[in-house]
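One structure below.
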Amino acid sequence: MRTVLMVAEKPSLAQSIAKILSKGSCTSRKGLNGACSVHEYNGSFQSQTVRFKMTSVCGHVMSLDFIGKYNNWDKVDPAELFSKAPTEKKEANPKLSMVKFLQVEARGCDYVVLWLDCDKEGENICFEVLDAIQPVMNKGIVRDQTVFRAKFSSITDTDIWNAMNRLGEPNRNEALSVDARQELDLRIGCAFTRFQTKYFQGKYGNLDSSLISFGPCQTPTLGFCVERHDKIQSFKPETYWVLQAKVFKGKDTPLTLDWNRVRVFDREVGQMFVNLAKISKEAKVESVSKKEKVKQRPQALNTVEMLRVASSALGMGPQHTMQIAERLYTQGYISYPRTETTLYHENFDLKGTLKQQINNTIWAEEVKALLSTGINRPRKGNDAGDHPPITPMRSASEGELGSDGWRLYEYITRHFIATVSQDCQYLQTTIDFKIGTEAFSCSGKTLISPGYTTVMPWQGIPLEEAMPACDCGDTFTVEEIKLVEQQTSPPHYLTEAELITLMEKHGIGTDASIPVHINNVCQRNYVTVENGRRLKPTNLGIVLVHGYYKTDAELVLPTIRSAVEKQLNLIAQGKANYQQVLQHTLEIFKRKFHYFVDSITSMDELMEVSFSPIAATGKPLSRCGKCHRFMKYIQAKPSRLHCSHCDETYSLPQNGAIKLYKELRCPLDDFELVLWTSGARGKSYPLCPYCFSHPPFRDMKKGMGCNECTHPTCQHSLNALGIGQCVECDSGILVLDPTSGPKWRMACNKCNVVVHFFEHAHKIQVAQESCDACDASLVAVDFNKTRTPLPDNETQHTGCVFCDPVFQDVVELKHATMRHSMHRGGGARRGGRGRGRGRRGNPKKPKDKMAALAAYFV
Ligand SMILES: [Zn+2]
Ligand SMILES: [Zn+2]
Ligand SMILES: [Zn+2]
Ligand SMILES: [Zn+2]
Ligand SMILES: [Zn+2]
């Protein structure tokens, strides 16, 4: 029997699709990577009985990266990234062993059906899957088609079966357009980001240069937010005057009238008009007009509109909205949520879709009414040829979907019902008045038929007080007429919804990438999300955009990106050549890059204004070993030390506090040591600022403290203070924390283990000798006469922390973290409260001094 392998984009989708196609009869097992399952059943394919094997990947199998040394920021000139640097596809998540998993399942299969999501990314993943499995599949007859692509828009029986019965082929061009975008973003983004980051590294005290990134789409996105900020900043409010009149007739409540001249910007002119109006105590009705108007039902829902409404009405950010929408799609509640289409095809079963909602009490009445009177054909929209508009595919309740899931589903469903409902009709009444020589008017709306607004009540016509009945020639009494002073107000910061609109209008970002770019500018701290989901640029975001704009406006303006995305679409349609588009675009950006590098000073000038030079920030902390002047401690992230005399910056460990360590100096370079602490109960260790950045010995890496330093004679080094192998991790050594008394502790120099011991001892020293039993360094402890816990009131004892019988009652090996269960063996118990012998026969421990010295001086 032949075997058909089928691959979906996510494990949950594979499960749902297999359930539909096997009519619930499949058997399931876990795949070798633990993340994916395989669902198997027998069925018919190409008029033969076959074994079906349905499984999935977890999104992209591969991701694009540079090869080898081109990933090293220090070894490569970023300009090389445009053409010289080779790229390769690496497994996106090596932990999943996706390629191996696919090959194991594909070996011996005869056909493959690709069930990846039907968008460009999905098409790209199709070819990633094919690249992995084709070498191990059975070779069929040459002319036999063995690769099939299923096209579907929702996880429903009808859609999935239709897809199975009309299999096509994967689209190479669409996949190539994704390859091109990945490569452009990687090369352009990395070149600019690496150059800037290195250029600004350590230059300004309150600037974390690791946050300076450039993205060919991210930067124009940020540009929109900063453009609005600039408008707000340069806005000058203007004062204007408005004539306000209140009139009444009989016992009716007074009407407030609008002035037909709207406003004037000159107070005296305004006063003149007041005087002209005040001639009369009466307002005369000049005309009454009534017009029937309609408020159109919405167009069918596409992705950007869903993101806009979710942000403005539901308070949900685009990234979050997309995640929820995808979950609803995967579970079969809605159709595929990435689409540009706002048009239902002739043969889309609108009625059937609507019928699904008939039992949901929230909108049951509207749905029943629509089904009995007949649904209205949805408005014409745009057909992008990808998927139907976002549509509810089956009924759901709040309990099933969870809070945010339900809110989004409710909106999508209400929107759908609205698109097949009638338009809203209302009567607009306008009454024109004359008071003296000035013309005023007043208008109101009266609902005739609510139409779709019953199901989208937030769009309804507000229940205004009905306009008074009156005819031409009637008169009203003027209650009040006055000149009101007002000011023009500045625009607000962009809302997310407005930003989405701008991106769509300028053709940057697709329905799939808009949420990613918006999320990126927030995550990288270029904008913050304020009340009402308004995007306020940060100082860094503003300076970056201004800097790009000053050097090369095209780096910020959406024009280039939009042109590139048009080219990418042409590749997808098979109308442009992949290689040519790639070469051409890279050539443009390569020239832009060189120009940018040559003009970086103009960007730097802006940085200087906004950020303080490193020499002017920070407070004096420890002395430089070269010039013996105080270096300054810069606390802003990444925290570091700077010697303004030598103009050198030294990195420090992050996420903790730094203080001076007893004015002790490193014997190698004379720099004053500092102490890093992660808090009162955590670990702390001294380090030499110079050695931390410039490791003195071959066996040390950058970023090591004295607790890892293998200096043979230094009194702060691992050699002097190391006690024994870590009780938790494989590579760490427990090192005495000499600053921890009277609550003494030792901490692992690799992991987070902290061990408390000898509380209230007044002195602890690591002895030269080591334990015969476990090889750990012996420890000499001095207790105070009055508080000694030692037997016979002894005050001093030297022994092994782990094995010494006297210490067993004094040492409480309390671990800061829970020991992993696999380490909780009998050994620990045997030694009483102390740790038994090392779990491996030959525990690592620091070499004795002579051996260490010998190692360095041979
Ligand atoms: Zn110095
Ligand atoms: Zn040093
Ligand atoms: Zn050292
Ligand atoms: Zn450890
Ligand atoms: Zn021992």
Side-chain angles (χ1 to χ4, degrees), residues 197-198 200-212 539-540 607-608 610-697 700-711 713-718 720-721 735-741 743 745 747 749 752 754:
T197 304
K198 282 177 76 174
F200 291 112
Q201 209 157 42
K203 251 189 136 169
Y204 300 102
N206 48 354
L207 171 70
D208 178 355
S209 78
S210 66
L211 294 172
I212 305 185
N539 198 14
L540 178 59
M607 291 285 195
E608 263 173 17
S610 307
F611 300 98
S612 3
I614 195 157
T617 41
K619 46 182 192 231
L621 181 74
S622 77
R623 281 180 197 267
C624 169
K626 295 181 186 170
C627 67
H628 298 278
R629 290 179 168 86
F630 277 108
M631 298 191 291
K632 279 178 171 173
Y633 172 46
I634 292 142
Q635 229 170 332
K637 274 192 180 177
S639 55
R640 59 219 123 126
L641 283 167
H642 179 72
C643 175
S644 48
H645 185 259
C646 306
D647 194 21
E648 292 259 23
T649 306
Y650 301 98
S651 8
L652 292 170
Q654 303 296 308
N655 302 322
I658 296 284
K659 53 189 179 190
L660 195 61
Y661 183 47
K662 299 178 184 167
E663 297 181 28
L664 295 167
R665 287 167 188 269
C666 171
L668 290 167
D669 48 46
D670 223 21
F671 274 68
E672 260 179 353
L673 304 182
V674 295
L675 187 75
W676 177 88
T677 355
S678 70
R681 303 179 64 208
K683 70 183 203 181
S684 61
Y685 57 84
L687 65 121
C688 161
Y690 187 84
C691 296
F692 190 79
S693 305
H694 309 275
F697 305 120
M700 290 177 69
K701 291 197 205 96
K702 270 190 188 182
M704 289 183 158
C706 297
N707 64 344
E708 290 181 78
C709 171
T710 50
H711 192 291
T713 61
C714 171
Q715 54 172 326
H716 316 292
S717 72
L718 170 65
L721 299 175
V735 182
L736 174 68
D737 179 349
T739 66
S740 58
K743 296 194 165 185
R745 60 199 174 199
N749 61 5
N752 288 323
V754 176

Which residues pass the side-chain hydrogen bond (donor to acceptor under 3.5 Å, both in side chains) test with [X], not counting sequence neighbours?
X: Lys626; result: Glu648
X: Asp647; result: none
X: Ser612; result: Asn206
X: Gln201; result: none

For a 4.5 angstrom cut-off between non-hydrogen side-chain atoms, does [X] reach [Y]?
X: Leu721; Y: Pro738; result: yes
X: Asn707; Y: Leu736; result: no
X: Lys702; Y: Pro695; result: yes
X: Pro689; Y: Met631; result: yes
X: His711; Y: Phe697; result: yes

*asked:* Does Lys743, at its NZ atom, have more than 12 non-hydrogen atoms belonging to other residues, nucleotides or ligands within less than 6.0 Å?
replied: no
For the residue pair [X] and [Y], what are the closest heavy atoms and their distance?
X: Gln654; Y: Pro638; answer: OE1-CA, 3.4 Å
X: Thr649; Y: His642; answer: OG1-ND1, 3.1 Å
X: Gly705; Y: Tyr685; answer: CA-CE1, 3.7 Å
X: Cys709; Y: Met700; answer: CA-CE, 3.6 Å

Point-to-point distance, once rounded to the nearest 0.5 Å, from [atom1] of [X] to [atom2] of [Y]:
X: Arg640; Y: Ser693; atom1: CZ; atom2: OG; value: 12.0 Å
X: Leu641; Y: Tyr633; atom1: CG; atom2: OH; value: 8.0 Å
X: Asn539; Y: Phe611; atom1: CG; atom2: CZ; value: 5.0 Å
X: Cys706; Y: Phe692; atom1: SG; atom2: CZ; value: 11.0 Å
X: Leu687; Y: Leu675; atom1: CG; atom2: CG; value: 8.0 Å
X: His694; Y: Cys688; atom1: NE2; atom2: SG; value: 9.5 Å

*Heavy-atom donor-acceptor pair, Ser717 side chain to Thr710 backbone, under 3.5 Å*: no
*Is a side-chain donor or acceptor of Thr197 paired with a backbone partner of Ile212 at a separation under 3.5 angstrom?*
yes
*Partner set under side chain to side chain contact (heavy atoms under 4.5 Å, CB included) for Asp737, not counting sequence neighbours*: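 For Asp737, the residues satisfying side chain to side chain contact (heavy atoms under 4.5 Å, CB included) (neighbours in sequence not counted) are Ser684, Thr739, Ser740, Arg745.
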*Partner set under side chain to side chain contact (heavy atoms under 4.5 Å, CB included) for Gln715, not counting sequence neighbours*: none
*Sequence neighbours left out, what passes salt bridge (Lys or Arg N to Asp or Glu O under 4.0 Å) with Lys203? Give chain and number order.*
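Testing Lys203 for salt bridge (Lys or Arg N to Asp or Glu O under 4.0 Å), a comparison that skips the adjacent residues, returns Asp604.
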Return a table of donor-acceptor pairs under 3.5 angstrom between the side chains of residues 657-673 and protein atoms on other chains or two or more places apart.
| residue | atom | partner | partner atom | Å |
| --- | --- | --- | --- | --- |
| Arg665 | NH1 | Asp670 | O | 3.0 |
| Asp669 | OD1 | Phe671 | N | 3.0 |
| Glu672 | OE1 | Arg623 | N | 2.8 |

*Who pairs with His645 by ring pair (Phe, Tyr, Trp, His ring centres under 6.0 Å), at least two apart in sequence or on another chain?*
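So His645 forms no ring pair (Phe, Tyr, Trp, His ring centres under 6.0 Å) with any residue.
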